[in-house]
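In what follows, every chain begins at residue 1, and chains take the letters A, B, ... in the order their sequences are listed.
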2 protein chains.
Amino acid sequence: MKNCALDKNSMTILIADDHPLTLYGTQAFVTSLGYKVVHICTDGQEAFEWIVMHQPKMAILDISMPQMDGLEVLEKLHQRGISTRIILFTMHKEATIYKRAKNMGLSGYLLKEGSEDELKLCLETVAQGGKYMSKLILKEVNKHQTSESEELTFAEKKVLELIAQQKTSKQIGDLLFISEKTVEKHRSNIIQKLNLPKEKNILLHWAMKHFIDK
Amino acid sequence: MKNCALDKNSMTILIADDHPLTLYGTQAFVTSLGYKVVHICTDGQEAFEWIVMHQPKMAILDISMPQMDGLEVLEKLHQRGISTRIILFTMHKEATIYKRAKNMGLSGYLLKEGSEDELKLCLETVAQGGKYMSKLILKEVNKHQTSESEELTFAEKKVLELIAQQKTSKQIGDLLFISEKTVEKHRSNIIQKLNLPKEKNILLHWAMKHFIDK
DNA sequence: AAAAAAATAAGGGTTAACCCTTATTTTTTG
DNA sequence: CAAAAAATAAGGGTTAACCCTTATTTTTTT
């Protein structure tokens with residue numbers, strides 16, 4: 001039954017994490033499971049270049065990394081149509097980040113606070129062509145779905161991104177070539193859709209908590 | 001020369017980190033150096049209780065942990081006069097956090113992005129009674145010293161903490177039993193001392209970036 | 001082509017954050 | 001005990017964020 005058994009040794013994996021001890025810990029664990037770790041690195045730029053060049057079967061990427069974050073790596077690989085299966089292994093439990101990644105051909109999303117067993121299961125699933133999203137992040141997404149029932153439109157997301165970068169409505173208007181008043185309208189709509197409490201600066205606060213800022 | 005050589009096997013160590021793979025990675029590395037890892041756990045509450053009960057020689061604590069964060073553990077141990085030497089091993093590069101910890105008898109501060117060698121050197125130094133603070137965090141502190149030349153007073157710190165919790169000046173006044181106007185004055189003084197740019201909500205923004213909120 | 005959804009814009013109002021100045025009281029320190 | 005530093009408070013002003021309403025244009029869907 002050779003087609004049933006997983007040939008782990010042919011599953012080449014790249015691991016990228018900017019925390020050396022986590023990196024080595026993950027490498028040791030993944031190797032002990034029988035997979036072939038072909039490259040490790042501590043920054044996103046290197047991870048991206050290595051993946052483009054050597055196209056390993058899978059890659060385990062942290063999100064917070066210097067030069068280029070894991071989401072950017074995923075996005076750029078996705079744009080180039082590279083078939084390396086990407087697993088994000090990160091501490092970011094934000095539903096927003098997960099949702100962004102999900103639309104870019106992501107194969108797995110794990111939280112660092114999760115167990116080793118989860119990583120093992122995830123690797124098996126992804127190696128066989130499946131997708132594995134941590135229950136922890138799905139729970140987080142569900143929590144938000146109740147209040148975030150209505151999805152944000154493209155324009156609203158754009159505005160939210162700029163709010164997270166501390167731009168004022170005026171500045172956002174200039175950047176998007178729309179009136180300040182329109183930006184304010186978008187702000188109100190976002191607050192309504194997200195069902196945020198009536199507080200000053202509530203949007204800035206929310207945006208800062210849910211976006212990775214550069 | 002027995003008194004020169006370090007008896008690593010008598011150096012009992014507790015390690016706490018809420019990311020299992022980092023925890024096991026650290027444990028494996030520390031053990032490989034010859035130290036005796038007597039307990040590992042993934043939350044601060046357990047770490048605190050174990051340390052109080054068994055008083056190991058050293059403890060390596062992450063800051064972000066469920067139940068009780070590393071800083072709180074350090075603070076409570078310090079208040080009780082427990083002699084376990086604490087090393088914070090964390091991803092928080094904020095100067096403010098380091099400064100808070102420094103005044104609580106801290107023995108070491110390492111960043112997760114630092115190398116294994118750094119952890120090795122730190123353990124040796126602390127085992128011999130010394131203190132080891134990562135160059136990475138000291139650099140961060142220096143960066144802020146230029147702009148943060150004047151230290152914040154106690155009242156200002158208190159206000160800043162509440163700002164990070166999204167309280168308005170009015171709410172802060174009520175909480176601290178002082179006038180809203182006084183709070184506003186503190187805000188202005190903080191902005192001046194930190195040399196922050198003249199922008200709306202700049203304090204909320206700064207406070208959120210530099211404080212761990214609950 | 002009509003209906004629905006999204007984006008655009010404006011007028012008008014409230015509030016909190018920030019700025020500046022002045023001034024009194026309390027605490028710390030030489 | 002003076003002098004310096006910190007905390008307290010108030011008046012008065014500007015601005016950005018948010019709220020509500022109405023309305024036109026553009027895009028998408030049926």
All N/O contacts under 3.5 Å from nucleotides 16-22 of chain D to the protein, with atom names and distances to one decimal?
from: D:dA17; atom 1: OP2; to: A:S169; atom 2: N; distance (Å): 3.2
from: D:dC18; atom 1: OP1; to: A:N201; atom 2: N; distance (Å): 3.4
from: D:dC18; atom 1: OP1; to: A:I202; atom 2: N; distance (Å): 3.2
from: D:dC18; atom 1: OP1; to: A:L203; atom 2: N; distance (Å): 3.2
from: D:dC18; atom 1: OP2; to: A:R187; atom 2: NE; distance (Å): 2.7
from: D:dC18; atom 1: OP2; to: A:R187; atom 2: NH2; distance (Å): 3.2
from: D:dC18; atom 1: N4; to: A:E184; atom 2: OE1; distance (Å): 3.2
from: D:dC18; atom 1: N4; to: A:E184; atom 2: OE2; distance (Å): 3.4

> Sequence neighbours excluded, which residues qualify as ring-ring contact (aromatic ring centres under 6.0 Å, His included) partners of A:Y98?
Replying inline: A:Y109
>> Applying salt bridge (Lys or Arg N to Asp or Glu O under 4.0 Å) as the test, list every pair that has at least one member in residues 176-188 of chain B; sequence neighbours left out.
In response: B:K181-B:E184
> Who are the side-chain contact (heavy atoms from CB on, under 4.5 Å) partners of B:K120, not counting sequence neighbours?
Replying inline: B:F29, B:L33, B:E124
Would you give me the side-chain donor-acceptor pairs under 3.5 Å for residues 11-18 of chain A, sequence neighbours excluded?
from: A:T12; atom 1: OG1; to: A:K57; atom 2: N; distance (Å): 3.0
from: A:D17; atom 1: OD1; to: A:H19; atom 2: N; distance (Å): 2.9
from: A:D17; atom 1: OD1; to: A:K112; atom 2: NZ; distance (Å): 3.4
from: A:D17; atom 1: OD2; to: A:K112; atom 2: NZ; distance (Å): 2.7

> How close or far is atom C1' of C:dA9 from atom CG of A:L176, stated in whole angstroms?
Replying inline: 15 Å
> What heavy-atom pair brings A:I178 and A:T182 nearest, and what distance separates the two atoms?
Replying inline: CD1-CG2, 4.2 Å
> So what does B:S179 hit on the nucleic acid, given a heavy-atom distance under 4.0 Å: a base, only sugar-phosphate, or nothing?
Replying inline: sugar-phosphate
>> In this structure, how many angstroms lie between the P atom of D:dA10 and the CD1 atom of B:I178, rounded?
In response: 11 Å
> Starting at CG of A:L152 and ending at P of C:dA7, how long is that distance when rounded to a whole Å?
Replying inline: 10 Å
> Taking atom P of D:dT8 as reference, at what distance in whole Å does atom CG of B:N189 sit?
Replying inline: 11 Å
>> Could you work out, with side-chain contact (heavy atoms from CB on, under 4.5 Å) as the rule, every residue matching A:L196, not counting sequence neighbours?
In response: A:I191, A:L194, A:I202, A:L203, A:W206
Got a list of side-chain donor-acceptor pairs under 3.5 Å for residues 74-90 of chain B, not counting sequence neighbours?
from: B:T84; atom 1: OG1; to: B:P56; atom 2: O; distance (Å): 2.7
from: B:T90; atom 1: OG1; to: B:H92; atom 2: N; distance (Å): 3.2

>> I need the NZ-P distance between B:K158 and D:dT8, as an integer number of Å.
In response: 13 Å
>> Rounded to whole Å, please give me the gap between NE2 in A:H186 and P in C:dA9.
In response: 9 Å
>> For C:dA7 and A:T153 - does any side-chain N or O of the residue sit under 4.0 Å from the phosphate oxygens OP1/OP2?
In response: yes
> So, B:Q166 versus A:H205: side-chain donor-acceptor pair below 3.5 Å or not?
Replying inline: yes
>> Taking Watson-Crick (N1-N3 plus N6-O4 or O6-N4) and G-U wobble (N1-O2, O6-N3), each under 3.5 Å, can you produce the dot-bracket string of DNA chain D? Use [ ] for crossing pairs and | for inter-strand ones.
In response: ||||||||||||||||||||||||||||||
> Over how many whole Å does the gap from B:E156 atom CD to D:dT8 atom C1' extend?
Replying inline: 13 Å
> Looking at residues at least two apart in the chain, or sitting in another chain, which of them share a side-chain contact (heavy atoms from CB on, under 4.5 Å) with A:K131?
Replying inline: A:M133
Can you give me the N/O atom pairs linking the protein to nucleotides 24-30 of chain D at distances under 3.5 Å, or say none if there are none?
none

>> Show every side chain to side chain donor-acceptor pair (under 3.5 Å) that has at least one partner inside residues 41-52 of chain A, sequence neighbours left out.
In response: A:H39-A:E46, A:H39-A:W50, A:Q45-A:E49
> Taking only residues two or more places apart in sequence, or in another chain, which ones meet A:S115 in a side-chain contact (heavy atoms from CB on, under 4.5 Å)?
Replying inline: A:D117, A:E118
